[in-house]
Trainee: 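Below is one structure. I have some questions about it.
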Amino acid sequence: MIVRTRFAPSPTGYMHIGGMRTALFNWLWARRHGGQFILRIDDTDQQRNRDEALAPILSAFRWLGLNWDEGPEVGGPCGPYFQSQRQAFYDKALQQLLDTRQAYRDFENPEDTKAQRETAEKEKRQYISSRSSLELSDADISQFLSEGRAHVIRFLVPRDQKVQIEDHVRGHVEWDCSLMPDPVIARNDRSPLYNFATVVDDAEFRISHVIRAEEHLPNTPVQVLLHQALGNELPQWAHIPYVAAPGGREKLSKRRIGQYRTNPQFQKLFELGDQVLSRLGIDSAADALSPVMVEYYRRVGFLPEGVLNALFRLGWSLDDHTEYISLPTAQQNFSLDRIIRSAAGLDADKLLNFQSHWMSQLSAEEKLNGCLPLLAESGLIDSTDDADTRDRVKQIIALAGDRLRVFGDIFQMDEFFLPDDQLTVDEKNFQKRIVKPEAAVDLLRELRRRLEATADFSAAALHELIQGFVTEKGIRAGDLFPAIRLCVTGKAQGADLFETLSLLGQSRVLSRMDRGIGRAESLRAE
RNA sequence: GGCCCCAUCGUCUAGUUAGGUCUAGGACAUCGGAUUUUCAUUCCGGUAACGGGGGUUCAAAUCCCCCUGGGGUCACCA
């Protein structure tokens with residue numbers, strides 16, 4: 001059997017992280033078996049700006065390195081790959097069902113149908129279709145049709161049957177058809193509805209495995225029945241758990257971003273995003289970008305490897321101990337029977353951990369190429385090509401070391417890019433370390449003189465000089481070091497102090513110390 | 001409410017198909033300690049789970065039933 005899987009996004013303008021995982025599992029299964037992965041666009045409800053709404057989805061696939069064998073932009077033997085262009089296939093299937101009386105024209109007033117539904121609900125019983133239109137004679141029907149009377153086409157559910165599937169994740173699942181309403185498969189204008197289009201296309205595309213989120217489980221009996229009515233070979237099913245919101249069991253949803261902001265498990269991600277996106281001039285509070293979307297991670301400076309790793313481990317495991325998994329490794333080992341059955345909350349901490357791990361695997365050059373575009377976009381550097389700039393940023397990145405978890409963390413090193421008067425100062429610590437301790441300002445002033453006098457501004461020389469100063473004065477390093485750092489970076493913590501001073505350079509260190517000392521004095525005078 | 005799905009540390013999970021090797025393993029988070037000029041890293045160590053009740057069995061996290069809890073879905077959306 002040739003394994004063919006598909007992912008069928010609706011062009012919504014963004015790629016959902018949960019949908020991405022579903023797509024990933026489909027991709028993995030196809031690749032694992034040397035099969036094909038197909039992208040089909042479910043745009044049966046006419047979208048105005050289809051291409052615009054599709055672009056972010058395709059770009060998410062490209063970013064993560066998931067290619068598709070057939071679909072938009074690449075074509076393929078089963079095209080077109082947009083449902084809106086496949087009307088001929090639906091017409092044919094529709095006619096077949098009508099001819100074999102497995103579907104019928106329903107002329108019932110929609111309000112009546114709705115009322116019946118509501119009555120059933122009120123009486124706490126399962127609603128099933130009235131099938132009143134089945135009483136119509138062929139003559140009545142032609143009459144109605146010639147009058148142009150509105151109707152829909154419903155599939156005639158064989159109520160005496162049961163549908164049973166052996167799901168790769170769920171195991172045996174069955175439904176009683178006597179409890180199912182007849183689903184509408186096409187509108188008055190013959191445009192197909194989701195379940196019908198899906199079945200026709202899955203068969204046409206020879207999809208061997210339908211791997212989708214478990215919220216589609218209730219659609220399955222209808223689809224099985226439709227396949228059978230059409231005489232199709234049934235695909236195999238795998239209903240994977242949906243991705244839940246962090247720390248919970250509820251489906252992760254774009255509409256609930258507001259709530260997620262206050263979710264303690266989610267906060268870390270939002271904060272990271274706010275920090276980075278604000279530098280890029282993106283208002284993250286407006287939720288144009290949020291951790292629900294793949295785009296968010298790309299913009300914040302996550303690595304495809306980090307996001308992918310988090311996605312693998314959300315509901316799937318390679319074995320009982322492997323955590324760091326690359327795409328090739330997953331591709332070689334992926335299996336449907338190691339997918340867990342219950343919904344899993346997106347784990348922000350683990351995501352960050354995976355991300356840090358893959359970041360640590362990068363070469364200096366790769367890190368540089370990840371950070372430069374962000375710096376340029378934020379206006380902190382002018383050009384990404386300038387050799388001096390590149391060299392300098394490379395040194396800053398080396399200094400940042402593992403503090404750089406995502407590329408956006410480069411903004412934490414902003415003291416190397418900002419002019420003296422634009423540094424943000426940690427006021428609380430400035431007070432505590434410089435303004436309040438009596439000796440602090442005098443010490444800084446004296447140290448400043450020595451720093452001015454020295455010719456060697458290498459980290460090693462500075463270490464020696466400052467350490468010697470501390471010893472000479474009989475003070476503790478803890479009394480002086482934070483004060484220096486606050487003066488030159490505005491921050492209470494950060495990368496190695498001496499490397500920082502060295503990289504900042506003598507003139508900037510001196511001018512910033514002057515500013516700091518002046519500041520402290522005027523604060524003391526108040 | 002109907003139908004369906006799910007249930008192991010705070011979280012992600014291994015173990016459930018073939019019951020014993022599980023006084024339940026790993027990872028992240030957390031807490032403690034070591035290293036360190038701060039932070040971060042790194043290294044060591046600790047706390048921490050089979051939702052409840054019945055069965056079946058010599059033996060159940062694993063099989064069966066019930067309960068409870070959680071969730072998905074009920075469109076002329078996808």
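For clarity, every value in this text was computed on a predicted model and none was experimentally measured. By convention in this document, chain letters (A, B, ...) are assigned in the order of the sequence lines, proteins followed by strands, and residues within each chain are numbered from 1.
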Trainee: Under 4.0 angstrom, heavy atoms only, what part of the nucleic acid is A495(A) near: base, sugar-phosphate, or nothing?
Mentor: base
Trainee: Look at the side chain of E323(A) against the base of G26(B) and say whether a donor-acceptor pair falls under 3.5 Å; ignore hydrogens and angles.
Mentor: yes
Trainee: Take atom C1' in G45(B) and the same atom in C4(B), then report the distance between them in whole Å.
Mentor: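 46 Å, rounded to whole Å.
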Trainee: When all nucleic acid strands are considered with a 4.0 Å heavy-atom cut-off, which category describes R485(A): base, sugar-phosphate, or nothing?
Mentor: base
Trainee: Expressed as a whole number of Å, how far does the P atom of U17(B) sit from that of C65(B)?
Mentor: 15 Å
Trainee: Identify which nucleotide among C76(B), A40(B), C5(B) has an atom closest to any side-chain atom of R154(A), counting heavy atoms from C-beta outward.
Mentor: C76(B)
Trainee: One thing to verify: whether D409(A) and K367(A) come together as a salt bridge, which I'm taking to mean a side-chain N less than 4.0 angstrom from a carboxylate O.
Mentor: no
Trainee: Looking at G26(B), I'd like to know if its phosphate oxygens (OP1 or OP2) sit under 4.0 Å from a side-chain N or O belonging to R313(A).
Mentor: no
Trainee: Is V184(A) touching bases, backbone alone, or none of the nucleic acid, heavy atoms closer than 4.0 Å?
Mentor: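 The residue V184(A) makes sugar-phosphate contact but no base contact.
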Trainee: Tell me if the side-chain of R170(A) makes a donor-acceptor pair with the base of C6(B), cut-off 3.5 Å, by modelled atom types.
Mentor: no
Trainee: Just to be sure I understand the rule, does V470(A) reach a base, reach only the sugar-phosphate, or reach nothing, if contact means heavy atoms closer than 4.0 Å?
Mentor: nothing
Trainee: Could you tell me whether N219(A) contacts a base, only the sugar-phosphate backbone, or nothing, with contacts defined as non-hydrogen atoms closer than 4.0 Å?
Mentor: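 Base, at least one base atom sits under 4.0 Å.
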Trainee: Any ion pair linking E250(A) and R256(A) (charged N to carboxylate O, less than 4.0 Å)?
Mentor: yes
Trainee: Using a cut-off of 4.0 Å on non-hydrogen atoms, how would the nucleic acid contact of H239(A) be classed: base, sugar-phosphate, or nothing?
Mentor: nothing
Trainee: Taking only the C1' atom of each, what is the distance from G32(B) to A48(B) in whole angstrom?
Mentor: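 It comes out at 15 Å once rounded to the nearest Å.
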Trainee: Do the charged groups of E472(A) and R450(A) touch, with an N to O distance under 4.0 Å?
Mentor: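 Salt bridge present between E472(A) and R450(A).
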Trainee: Is the phosphate of U73(B) approached by K251(A) (side-chain N or O, under 4.0 Å from OP1 or OP2)?
Mentor: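 Affirmative; the distance criterion is met.
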Trainee: Assess whether a salt bridge exists between R341(A) and E214(A), defined as any Lys/Arg side-chain N lying under 4.0 Å from an Asp/Glu carboxylate O.
Mentor: no
Trainee: Ignoring backbone atoms, establish whether S317(A) has a side-chain N or O less than 4.0 Å from OP1 or OP2 of A14(B).
Mentor: yes
Trainee: How would you label the contact of R249(A) with the nucleic acid (heavy atoms, under 4.0 Å): base, sugar-phosphate, or nothing?
Mentor: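 Sugar-phosphate contact only - R249(A) comes under 4.0 Å of backbone atoms but never of a base.
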Trainee: Mind running a 4.0 Å heavy-atom check of residues 332-352 of chain A against RNA chain B and sending the residues that fall below it, in number order?
Mentor: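 R338(A), I340(A), R341(A), S342(A), A344(A), G345(A), D347(A), D349(A), K350(A) - these, ordered by number, are the residues of the stretch whose heavy atoms sit under 4.0 Å from the strand.
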Trainee: Of the candidate nucleotides A40(B), G72(B), C12(B), which contains the atom at the shortest distance from the side chain of L314(A)?
Mentor: C12(B)
Trainee: Less than 3.5 Å between a donor and an acceptor, one on the side chain of N353(A) and one on the base of A27(B), is that the case here?
Mentor: no
Trainee: Is the phosphate of C39(B) approached by R403(A) (side-chain N or O, under 4.0 Å from OP1 or OP2)?
Mentor: no
Trainee: Does the pair E121(A)/R117(A) count as a salt bridge with the N-to-O cut at 4.0 Å?
Mentor: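 R117(A) and E121(A): not salt-bridged.
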Trainee: For a quick check of understanding: with a heavy-atom distance under 4.0 Å over all strands, which category does F498(A) fall into, base, sugar-phosphate or nothing?
Mentor: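 Since a base atom lies under 4.0 Å of F498(A), the category is base.
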Trainee: State plainly whether the residues D42(A) and R40(A) are in salt-bridge range, i.e. N to O under 4.0 Å.
Mentor: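 Yes, charged N to carboxylate O under 4.0 Å.
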Trainee: Of all the nucleotides listed (C5(B), C76(B), G71(B)), which has the minimum atom distance to the side chain of E250(A)?
Mentor: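 Nearest to the side chain of E250(A) among the choices is G71(B).
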Trainee: Could you check whether K162(A) pairs with D176(A) (Lys NZ or Arg NE/NH1/NH2 to Asp/Glu carboxylate O, under 4.0 Å)?
Mentor: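 The answer is no: the pair does not qualify as a salt bridge.
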Trainee: Among A78(B), U38(B), U11(B), find the nucleotide with the atom closest to the side chain of Q265(A).
Mentor: U11(B)
Trainee: Using a 4.0 Å heavy-atom cut-off, does P110(A) contact any base of the nucleic acid, only the sugar-phosphate backbone, or nothing at all?
Mentor: base
Trainee: At under 4.0 Å between heavy atoms, what does L497(A) touch on the DNA or RNA strands: base, sugar-phosphate, or nothing?
Mentor: base
Trainee: So what does G478(A) touch, heavy atoms closer than 4.0 Å: a base, only the sugar-phosphate, or nothing?
Mentor: nothing
Trainee: Check this one for me: any side-chain N or O of T12(A) less than 4.0 Å away from OP1 or OP2 of A78(B)?
Mentor: no
Trainee: Base, sugar-phosphate alone, or nothing: which one does W175(A) contact when heavy atoms must sit under 4.0 Å apart?
Mentor: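 Since only primed, P, OP1 and OP2 atoms lie under 4.0 Å of W175(A), the category is sugar-phosphate.
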Trainee: Any strand counts, and the cut-off is 3.5 Å on both contacts for Watson-Crick or G-U wobble. Which nucleotide pairs with C74(B)?
Mentor: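 Per the H-bond distance test, G1(B).
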Trainee: Please figure out whether Q126(A) or A186(A) has its closest RNA chain B nucleotide nearer the 5' end.
Mentor: Q126(A)
Trainee: I'd like to know if the side chain of T220(A) pairs up with that of H239(A) as donor and acceptor (distance under 3.5 Å, no hydrogens or angles considered).
Mentor: yes
Trainee: Output yes when R512(A) and E415(A) qualify as a salt bridge under the 4.0 Å nitrogen-oxygen rule, no when they do not.
Mentor: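 Answer for the salt bridge query: no.
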Trainee: Nearest-nucleotide wise, let me know which of G494(A) and P181(A) is further upstream toward the 5' end of RNA chain B.
Mentor: G494(A)
Trainee: Can you check the distance between A59(B) and U73(B), where both ends of the measurement are the P atom (answer in whole Å)?
Mentor: 43 Å
Trainee: Would a 4.5 Å heavy-atom cut-off, applied to side chains only, mark P192(A) and L94(A) as touching?
Mentor: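 A side-chain contact under 4.5 Å is absent here.
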Trainee: Go through C4(B), C76(B), A78(B) for me and flag the one nearest to the D42(A) side chain.
Mentor: A78(B)
